[in-house]
Amino acid sequence: MWSVGVTAVMVAVECLEVGSSTLNKAAMNKGTSDFVLIVYSNAFAAIFILLPSTFIYYRNRTRPPLTVSIICKIFGLGLISCCVQTCLYVGIGYSSPTLSSAIVDLTPAFTFILALISSCRGIDCDFVQGASTSSSFFLSLLYIVQTSIIREYPEELMATFICCVFVTIQSTVVALIAERNPNSWRLKPDMELIAIGCSALFAVALRSLAHTWACHKKGPVYVSMYKPLGIVFAIIMGVTLLGDTLYLGSVVGATIVAFGFYSVIWGQSEEEKMIDDKDIDSLQSSSPKAPLLQTKSIFCRN
C-alpha cells in the first residue's frame with residue numbers, strides 16, 4: 001500500500017507539472033518573460049505557500065537544528081534547481097511543453113550514472129532507461145544532491161522552503177541580467193498571473209516537496225523513472241489547450257511510454273514482493289521452533 005501511495009503521488013505531480021508548463025507556454029505566447037516567470041513562481045511559492053505551511057507544521061513540533069553545512073548544501077541545491085528551471089522554461093518558450101517533456105524523458109540514465117558515482121543506495125539496474133542531455137543532467141544532479149541532503153536532514157518541508165528562498169534570490173540575479181525590459185516585471189491580471197499562481201503551487205511547491213519526500217523514501221532513480229510519463233500528459237494537454245497538431249508518431253510514442261512505465265512499476269512491485277518473501281523465509285528459518293515443526297511433520301508423515 002505504501003508503494004501504491006508513492007506511485008499515485010508521483011503520477012499526480014507529473015500531471016500537474018505538465019499542466020503548469022502548458023499554462024506557462026500560453027503566458028509566454030502573450031509576452032511573459034520566462035526569466036521573470038521563474039522569479040515570481042518561486043517567490044509566490046516561498047511566501048504564500050511554503051512559509052505558512054512551515055509555520056503551521058512546526059508549531060507543535062521540534063525542528064532539528066540547521067547547521068552551516070546543511071545550509072550551504074541547500075544553497076547548492078537551489079543553484080542546481082535554478083539551472084534546471086531556467087533551462088526548462090527557456091526551452092518551453094522556444095519550443096513547446098511536449099518537446100520539453102521529451103528532453104526530460106532522458107533523465108533516468110543520467111540519474112543512474114550519477115547515483116553510481118555518488119554511491120547512493122536503493123538503486124536497481126533493472127529499472128533504469130534513457131540517454132542524456134544537458135537539462136536532464138542538471139535534473140539528475142538535482143535528484144542526487146536532494147537525496148543526499150534529505151537523508152542527512154530529514155525535514156522535507158523545511159529543506160524545500162529554504163531551497164525555494166535561495167532559488168528566488170538566484171533567479172532574480174539571473175533575470176536582472178538577462179531581462180533588460182523593465183515592463184516585463186509588471187504583473188498583469190490575465191493569463192500571466194494565472195500561470196504564475198499555478199506554477200508556484202504545482203510546479204514549485206508541490207512538486208519540490210513531493211520529489212524531496214519521494215527521494216527520501218525511494219531514492220533518486222525511482223523519482224526519475226516518472227519523468228517519461230510527462231510526455232503523455234504533455235501531448236494530451238498540448239492538443240486540447242494549445243491547439244497542437246496530433247501526429248501518429250506522438251500517439252505511438254505515448255503508447256510505448258505508457259506501456260513501458262506500467263512494466264517498470266509492475267516489475268518493481270514484483271521485486272518488492274520477492275524481497276518480502278525472502279525476509280519472511282529468513283525469519284522462519286532463523287526461528288528456534290522451525291526445526292521442531294519440520295521434525296514433527298516428518299514423523300506425522302511416517
Roughly how far apart are C163 SG and I149 CD1, rounded to 0.5 Å? 7.5 Å

N/O donor-acceptor pairs under 3.5 Å from side chains in residues 187-197, not counting sequence neighbours:
unit_1	atom_1	unit_2	atom_2	d
D190	OD1	E192	N	3.1
E192	OE1	K188	N	3.4

Grouping ILVMFWY residues whenever side-chain heavy atoms fall under 4.5 Å, the cluster of I177 otherwise contains V173

Side-chain heavy atoms nearer than 4.5 Å, only ILVMFWY residues, links allowed to pass through others: does that put W185 and V167 together? no

Closest heavy-atom pair and its distance - H216, P154: CE1-CB, 3.7 Å

Cluster check L142, L209: I/L/V/M/F/W/Y, side chain < 4.5 angstrom: yes

Which atoms form the tightest heavy-atom contact between C215 and R151, and what is the distance? O-NH2, 4.4 Å

Out of curiosity, does F161 fall in the hydrophobic cluster containing L157 (side-chain heavy atoms, cut-off under 4.5 Å, transitive links)? yes

Joint hydrophobic cluster, L176 plus V39, side-chain heavy atoms closer than 4.5 Å: yes

Side-chain donor or acceptor of S20 paired with backbone N/O of L16 under 3.5 Å: no

Nearest-0.5 Å distance, CH2 of residue W213 to CG of residue L206: 12.5 Å

Which heavy-atom pair separates C164 from A45 by the least distance, and what is that distance? SG-CB, 4.0 Å

Mind checking whether I70 and I169 sit in one hydrophobic cluster, side chains of I, L, V, M, F, W, Y counted as touching below 4.5 Å? yes

If you take all heavy atoms of M10 and A210, which pair is closest and at what distance? SD-O, 4.4 Å

Would you please name every residue forming a side chain to side chain contact (heavy atoms under 4.5 Å, CB included) with R61, sequence neighbours left out? Y57, Y58

Is the backbone of A205 close enough, under 3.5 Å, to the side chain of S208 for a donor and an acceptor to pair up by distance? no

Scan the side chains in residues 79-91 for donor-acceptor partners under 3.5 Å anywhere in the protein, sequence neighbours excluded, and list what turns up.
unit_1	atom_1	unit_2	atom_2	d
S81	OG	Q85	NE2	3.2
Q85	OE1	N42	ND2	2.9
T86	OG1	C82	O	2.7
Y89	OH	S199	OG	2.8

Which heavy atom of V36 sits nearest a heavy atom of S184, and at what distance? CG1-O, 3.5 Å

Distance check, rounded to the nearest 0.5 Å: Y40 atom OH versus T172 atom OG1? 9.0 Å

Please confirm whether the backbone N or O of V18 pairs with a side-chain atom of T22, one donor and one acceptor, at under 3.5 Å? yes

OG1-CD1 distance between T160 and I150, expressed to the nearest 0.5 angstrom: 6.5 Å

Between D34 and I92, is any pair of side-chain heavy atoms under 4.5 Å apart? no

Restricting to salt bridge (charged side-chain N to carboxylate O under 4.0 Å, His left out), what partner residues turn up for E152, sequence neighbours left out? K73

Check: H211/Q146 side-chain N/O donor and acceptor closer than 3.5 Å: no

I162: what forms a side chain to side chain contact (heavy atoms under 4.5 Å, CB included) with it, not counting sequence neighbours? L66, I74, M158, F166

What is the distance from atom CZ of F202 to atom CG of L23, rounded to the nearest 0.5 Å? 9.0 Å

Any heavy-atom pair between the side chains of V145 and L141 that's under 4.5 Å? yes

